[in-house]
Undergrad: 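Mind having a look at this structure? Questions to follow.
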Amino acid sequence: MKQNVSKFIFWTPRILAIIFILFLAMFSLDIFEGNYGFWGTILGLFMHNIPALILLAVLLISWKNEIVGGIAFILAGIFYIAWLLMTAITTGFEWYYLLWAMQISGIAFFIGIMFLIGWFKKK
């Protein structure tokens with residue numbers, strides 16, 4: 001039974017992180033709605049995918065060092081909430097900002113906590 005729990009704690013944050021990164025990368029597909037040309041589209045895709053690329057690098061590092069994933073995903077959630085608060089201050093608060101915060105930051109917090117649990121179990 002303990003082996004199954006260990007596998008669950010090992011694989012859950014990694015699989016969720018991959019799904020989360022793909023979810024974030026999916027938002028970059030709106031670049032194809034504009035008429036930017038080839039290089040403009042490539043630049044737009046790169047710019048839209050910077051957060052996903054950073055989290056992908058974090059995931060690769062945290063595959064072996066789970067503490068890195070735990071801290072980085074929690075910090076990513078905090079950074080997103082801070083960015084959302086700055087947007088709310090400058091443009092005015094909208095009710096759907098709370099949903100965005102729960103969807104993006106909540107998932108990042110959960111993944112970070114799962115990485116930390118795996119790190120504590122390994123110690």
Side-chain angles (χ1 to χ4, degrees):
M1 184 70 174
K2 186 172 172 98
Q3 183 67 13
N4 290 338
V5 172
S6 297
K7 284 184 179 182
F8 177 78
I9 291 173
F10 180 82
W11 284 107
T12 300
R14 288 156 178 82
I15 292 170
L16 288 177
I18 291 168
I19 294 169
F20 182 60
I21 291 167
L22 290 173
F23 175 70
L24 291 178
M26 186 178 64
F27 290 116
S28 69
L29 297 177
D30 68 344
I31 195 73
F32 293 111
E33 291 178 0
N35 188 11
Y36 300 112
F38 178 75
W39 291 112
T41 302
I42 296 296
L43 179 64
L45 280 172
F46 175 73
M47 295 299 289
H48 279 80
N49 283 316
I50 288 175
L53 293 172
I54 291 171
L55 287 179
L56 180 63
V58 167
L59 176 63
L60 293 175
I61 294 168
S62 62
W63 204 275
K64 294 284 184 186
N65 302 321
E66 292 168 327
I67 186 72
V68 174
I71 292 171
F73 275 95
I74 290 172
L75 286 177
I78 292 170
F79 176 76
Y80 184 75
I81 289 175
W83 175 78
L84 208 55
L85 286 173
M86 294 297 285
T87 302
I89 289 170
T90 57
T91 63
F93 178 76
E94 298 290 336
W95 67 270
Y96 52 83
Y97 289 169
L98 295 175
L99 296 175
W100 290 357
M102 287 189 314
Q103 289 173 345
I104 304 296
S105 295
I107 295 169
F109 288 148
F110 182 73
I111 293 169
I113 290 168
M114 290 298 292
F115 270 120
L116 288 177
I117 290 171
W119 179 70
F120 281 123
K121 291 280 186 183
K122 195 186 290 185
K123 277 181 59 173

Undergrad: I need the L55 CG to L60 CG distance, nearest 0.5 Å.
TA: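 Going from the CG atom of L55 to the CG atom of L60 covers 11.0 Å.
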Undergrad: What is the distance from atom OG1 of T41 to atom CZ of F46, rounded to the nearest 0.5 Å?
TA: 15.0 Å
Undergrad: Tell me whether T90 contacts the main-chain N or O of T87 through its side chain, where contact means a donor paired with an acceptor under 3.5 Å.
TA: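 It does hold such a pair.
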Undergrad: Are there more than 12 heavy atoms of other residues, nucleotides or ligands under 6.0 Å from atom CE of M86?
TA: no
Undergrad: Looking only at heavy atoms, what is the nearest atom pair of H48 and I31, with distance?
TA: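 So the minimum-distance heavy-atom pair works out to CE1-CD1, 3.9 Å.
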Undergrad: Tell me whether Y36 is reachable from L29 by hopping between hydrophobic residues (I, L, V, M, F, W, Y) whose side-chain heavy atoms are closer than 4.5 Å.
TA: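 In one cluster with L29: Y36, yes.
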Undergrad: Out of I19, T12, I18, which residue meets the side-chain contact (heavy atoms from CB on, under 4.5 Å) rule with I15?
TA: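 When side-chain contact (heavy atoms from CB on, under 4.5 Å) is applied between I15 and each of I19, T12, I18, only I19 qualifies.
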Undergrad: How are the rings of F115 and F73 set to each other: parallel, tilted or perpendicular (split at 30° and 60°)?
TA: parallel
Undergrad: Test of understanding: clusters of I, L, V, M, F, W, Y form through side-chain heavy atoms closer than 4.5 Å, transitively. Do I71 and F79 belong to the same one?
TA: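 I71 and F79: separate clusters.
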Undergrad: In Å and rounded to the nearest 0.5 Å, what is the CG to CD1 distance from L84 to I89?
TA: 10.5 Å
Undergrad: As a quick check of understanding, evaluate ring pair (Phe, Tyr, Trp, His ring centres under 6.0 Å) for F27 and F23, giving each step before the final call.
TA: CA-CA 7 Å; F27 290 116; F23 175 70; 5.0 Å; yes
Undergrad: Should the heavy atoms of other residues, nucleotides or ligands under 6.0 Å from CZ of F110 be counted, would the total exceed 12?
TA: no
Undergrad: To the nearest 0.5 Å, tell me how far M47 CE sits from N49 CG.
TA: 11.0 Å
Undergrad: On a heavy-atom basis, which atom in I81 and which in S105 lie closest, and how many Å separate them?
TA: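 Smallest interatomic distance, heavy atoms only, reads CG1-OG, 3.2 Å.
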Undergrad: How are the rings of Y97 and F93 set to each other: parallel, tilted or perpendicular (split at 30° and 60°)?
TA: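 Ring orientation, 0 to 90° scale: perpendicular.
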Undergrad: Is it true that, when you exclude N35 itself, more than 12 heavy atoms of the residues, nucleotides or ligands shown sit nearer than 6.0 Å to its CG?
TA: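 No, CG of N35 has 12 or fewer neighbouring heavy atoms, counting only those of other groups under 6.0 Å.
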Undergrad: Using ring-ring contact (aromatic ring centres under 6.0 Å, His included) as the criterion, list what pairs up with Y80, not counting sequence neighbours.
TA: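 Y80 satisfies ring-ring contact (aromatic ring centres under 6.0 Å, His included) with W83 only.
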Undergrad: Atom CD1 in I111, atom CD1 in I21: separation rounded to 0.5 Å?
TA: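 Result: 7.5 Å between the selected atoms.
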Undergrad: Closest heavy-atom contact between E66 and F10?
TA: OE2-CD1, 4.0 Å
Undergrad: Applying side-chain contact (heavy atoms from CB on, under 4.5 Å) to N65 and W119, what does each step give before you reach the verdict?
TA: CA-CA 8 Å; N65 302 321; W119 179 70; over 6 Å; no
Undergrad: Please tell me whether I78 and L116 are part of a single hydrophobic cluster in this structure, the criterion being side-chain heavy atoms less than 4.5 Å apart.
TA: yes
Undergrad: Taking atom CG of L98 and atom CE of M102, what is their separation to the nearest 0.5 Å?
TA: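 Interatomic distance, L98 CG to M102 CE, rounded to 0.5 Å: 7.0 Å.
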Undergrad: Tell me whether I67 is reachable from I61 by hopping between hydrophobic residues (I, L, V, M, F, W, Y) whose side-chain heavy atoms are closer than 4.5 Å.
TA: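 Yes.
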Undergrad: Using the rule that two of Ile, Leu, Val, Met, Phe, Trp, Tyr join whenever any of their side-chain heavy atoms come within less than 4.5 Å, decide whether L24 and Y96 are in one cluster.
TA: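 Same cluster: L24 reaches Y96 through Ile, Leu, Val, Met, Phe, Trp or Tyr contacts under 4.5 Å.
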Undergrad: For the residue pair F8 and M114, what are the closest heavy atoms and their distance?
TA: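 Where F8 meets M114 most closely, the heavy atoms are CE2-CE, 4.3 Å.
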